Amino acid sequence: MKDRATAEELLVTSDLQVQSAATAWKHVHAEYVDVVDDILATLAPSGPYAYTVAPQVEEGHELPTQRIVSTYEAIEGSYRSMHRFAAVVAIRPVAEINTSWPGTPSSAAWGAGV
């Protein structure tokens with residue numbers, strides 16, 4: 001039974017975490033400056049995808065229905081439609097952790113605000 005990761009496995013995990021964080025911030029920045037192509041560039045090339053589309057009240061229902069789309073094309077259409085009518089006007093992070101594995105709270109950078 002394997003109970004310890006190798007140094008190589010830990011480095012790969014750490015690199016993937018840093019890469020994921022960088023991609024997330026690229027996505028947030030693209031949302032803020034309203035560049036849909038840059039938003040879409042942050043998606044994984046081949047999925048799998050799951051994106052929640054803005055809820056809508058459907059005919060015969062009193063409560064909004066939440067739809068999920070699962071193809072790149074559907075996500076692209078949703079973003080292009082949404083960004084025609086809405087824009088991000090401000091972003092203020094609540095917390096950001098910048099650390100590689102193994103990280104400790106003392107090695108993390110924290111921001112606060114609501």
Side-chain angles (χ1 to χ4, degrees):
M1 180 170 158
K2 181 179 176 181
D3 62 346
R4 298 196 88 126
T6 65
E8 183 178 328
E9 290 171 326
L10 296 176
L11 288 171
V12 168
T13 299
S14 176
D15 289 346
L16 290 172
Q17 290 172 337
V18 170
Q19 180 183 355
S20 294
T23 300
W25 277 114
K26 285 179 187 175
H27 185 97
V28 169
H29 182 262
E31 289 271 10
Y32 185 72
V33 297
D34 201 27
V35 180
V36 174
D37 288 332
D38 289 351
I39 296 168
L40 296 170
T42 65
L43 299 180
S46 61
Y49 301 117
Y51 177 71
T52 57
V53 180
Q56 299 175 350
V57 177
E58 295 179 358
E59 188 175 332
H61 294 92
E62 293 182 21
L63 298 174
T65 299
Q66 185 68 55
R67 258 185 345 109
I68 297 173
V69 295
S70 59
T71 66
Y72 180 93
E73 294 76 19
I75 293 171
E76 177 183 21
S78 297
Y79 264 109
R80 293 200 187 283
S81 178
M82 177 178 55
H83 280 265
R84 281 198 322 251
F85 304 108
V88 176
V89 295
I91 295 176
R92 192 165 67 187
V94 175
E96 177 182 353
I97 302 171
N98 290 308
T99 184
S100 59
W101 198 97
T104 61
S106 62
S107 68
W110 293 88
V114 174

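Note that this is a predicted model, so its numbers are computed, not measured. For reference, positions follow the sequence shown, starting with 1.
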- Message: Any heavy-atom pair between the side chains of H29 and T42 that's under 4.5 Å?
- Response: no

- Going by the salt bridge (charged side-chain N to carboxylate O under 4.0 Å, His left out) test, which pairs reach into residues 58-69, not counting sequence neighbours? none

- Considering residues at least two apart in sequence or located in another chain, which fulfil the side-chain contact (heavy atoms from CB on, under 4.5 Å) criterion with V28?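 Per chain and number, V28 pairs via side-chain contact (heavy atoms from CB on, under 4.5 Å) with W25, I91.
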
- Message: Looking at Y49 and A44, would you say the former's side chain and the latter's main chain have a donor-acceptor pair under 3.5 Å?
- Response: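 Present.
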
- Output yes when a side-chain donor or acceptor of Q66 lies under 3.5 Å from a complementary backbone atom of V53, and no otherwise. yes

Atom pair [atom1] ([X]) and [atom2] ([Y]), whose distance is rounded to the nearest 0.5 Å:
| X | Y | atom1 | atom2 | result |
| --- | --- | --- | --- | --- |
| Y51 | L43 | OH | CG | 9.5 Å |
| Q19 | S14 | CD | OG | 11.5 Å |
| L40 | E76 | CG | CD | 5.5 Å |

- Item | Test log, rule salt bridge (Lys or Arg N to Asp or Glu O under 4.0 Å), inputs R80 and D37 | CA-CA 9 Å; R80 293 200 187 283; D37 288 332; 2.4 Å; yes

- Message: Give me the atom names and distance for the closest heavy-atom approach of A86 to D34.
- Response: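 Between these two residues, the closest heavy atoms are O-OD1, 4.5 Å.
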
- Message: Please say yes or no: joined through hydrophobic side-chain contacts below 4.5 Å, possibly via intermediate residues, are Y32 and I39 part of one cluster?
- Response: no

- CD of E8: more than 12 outside heavy atoms within 6.0 angstrom? no

